[in-house]
Amino acid sequence: MSDEKIKKVSIIVAQGSLEGVYPALIMGNGARMEGMEANIFFTFFGLNALHKKMVNKLTVSTVGNSALNMAMPMLKMPITMPFPSILGMLPGVSSFASWLMKNEMEKLDIPPVDEFLEMISDAGGGLYACKLAMDMFKLEREDLIDEVEDVLTVGEFYEKAAGGPIIFT
Amino acid sequence: MAEVTVDAKTFALDEDGFLADQNDWNEEFAKAIAKEEGIDELTEGHWNVINYMRSDYADKGAVPTIRRLKKAGGIPTKDLYALFPDGPAKKAARISGLPKPKGCV
């Protein structure tokens with residue numbers, strides 16, 4: 001273990017699936033728990049996690065997700081058995097897989113996305129939305145949850161991130 | 001094994017610097033560890049967190065998470081970070097004489 005402590009971390013979230021967003025929330029929150037400064041920058045589909053109407057509707061990708069297997073969404077089948085994409089296309093399957101995953105997370109005391117974002121914000125972590133992606137998706141500040149601290153350009157994000165590592169998830 | 005002496009009483013610490021035996025804990029230990037963690041004086045707010053953590057640990061056998069402190073203990077996350085800056089869960093657990101929290105959240 002190195003003696004030098006990481007003091008600050010900035011995390012970029014560009015995906016809007018459940019499995020695309022959670023790692024960043026866990027790492028950002030974990031950074032604050034260790035007394036580190038934490039910024040999370042949401043861009044492209046990552047913005048779904050900040051959208052008032054979408055924040056609790058994120059789902060696991062069940063189509064074109066080659067890492068998904070029959071064990072992963074806690075179906076208790078072998079991990080070597082791939083999840084057939086054709087199944088994933090059926091209505092409700094993605095929601096069902098997401099529901100299974102959310103249940104498992106709740107057991108581990110991992111909060112739902114909206115509560116998690118509030119927790120990070122209360123912990124002093126900075127939640128930021130990408131201006132360019134907002135313009136592209138025709139989103140306004142009012143569309144996003146109150147915990148969002150600011151809408152930033154790439155340049156402003158780099159200014160915020162100065163002095164610490166940047167993680168792209 | 002590391003140890004710390006407060007008011008002539010010696011407390012054994014585990015490898016992470018947390019109290020080895022929860023039953024050894026007393027308020028003087030809490031005050032001494034708090035000072036070490038940069039908290040000069042334990043206020044009513046601090047004791048509220050410490051007492052809740054200790055009683056929850058006695059009930060459940062696990063160090064409560066920040067989420068549990070809020071939901072079950074009624075301690076707002078903002079307050080927790082203000083009371084125990086730079087690592088509230090670990091600091092509060094250490095002062096409360098509990099083991100190092102194991103979870104990621």
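The sequence lines fix the lettering, A, B, ..., with proteins before strands; numbering per chain opens at 1.
The choice from A/Met119, A/Met27, A/Glu106, A/Met36 that makes the most heavy-atom pairs within less than 4.5 Å of chain B is A/Glu106. Contacts with chain B were tallied for A/Asp109, A/Ile26, A/Asn29, A/Ile110; A/Asp109 has the most, counting heavy-atom pairs under 4.5 Å.
At a 4.5 Å heavy-atom cutoff, the contact between A/Glu118 and chain B is made by side-chain atoms alone. Contact annotation for A/Leu25: neither backbone nor side-chain heavy atoms come within less than 4.5 Å of a heavy atom of chain B.
For residues 69-105 of chain B, heavy-atom neighbours of chain A at less than 4.5 Å comprise B/Lys70, B/Lys71, B/Thr77, B/Lys78, B/Tyr81, B/Asp86, B/Gly87, B/Pro88, B/Ala89, B/Lys90, B/Cys104, B/Val105, sorted by residue number.
Here the closest heavy-atom approach between residue A/Met33 and residue B/Ile66 is recorded as CG-CD1, 3.6 Å.
Annotation: the span from B/Arg67 atom CZ to A/Leu108 atom CG amounts to 10.5 Å, rounded to 0.5 Å.
Hydrophobic clustering, with ILVMFWY side chains joined whenever heavy atoms are under 4.5 angstrom apart, groups A/Val93 together with A/Met81. Linking Ile, Leu, Val, Met, Phe, Trp and Tyr residues whenever their side-chain heavy atoms come within less than 4.5 Å leaves A/Ile120 and A/Phe41 in two separate clusters. The cluster map of Ile, Leu, Val, Met, Phe, Trp and Tyr, joined by side-chain heavy atoms under 4.5 Å apart, puts A/Val13 and A/Tyr22 in the same cluster.
Taking a 6.0 Å sphere around CE of A/Met136, one finds it holds more than 12 heavy atoms contributed by other residues, nucleotides or ligands. A 6.0 Å sphere centred on NZ of A/Lys7 holds no more than 12 heavy atoms belonging to other residues, nucleotides or ligands. Within 6.0 Å of atom CE in A/Met105, more than 12 heavy atoms from other residues, nucleotides or ligands are found, so the atom counts as buried in its surroundings. Taking a 6.0 Å sphere around CG of A/Leu87, one finds it holds more than 12 heavy atoms contributed by other residues, nucleotides or ligands. The 12-atom threshold is not exceeded at NZ of A/Lys131, counting heavy atoms of other residues, nucleotides or ligands nearer than 6.0 Å.
Membership of an apolar cluster is not assigned to A/Met54, as no side-chain contact below 4.5 Å to another ILVMFWY residue is traced.
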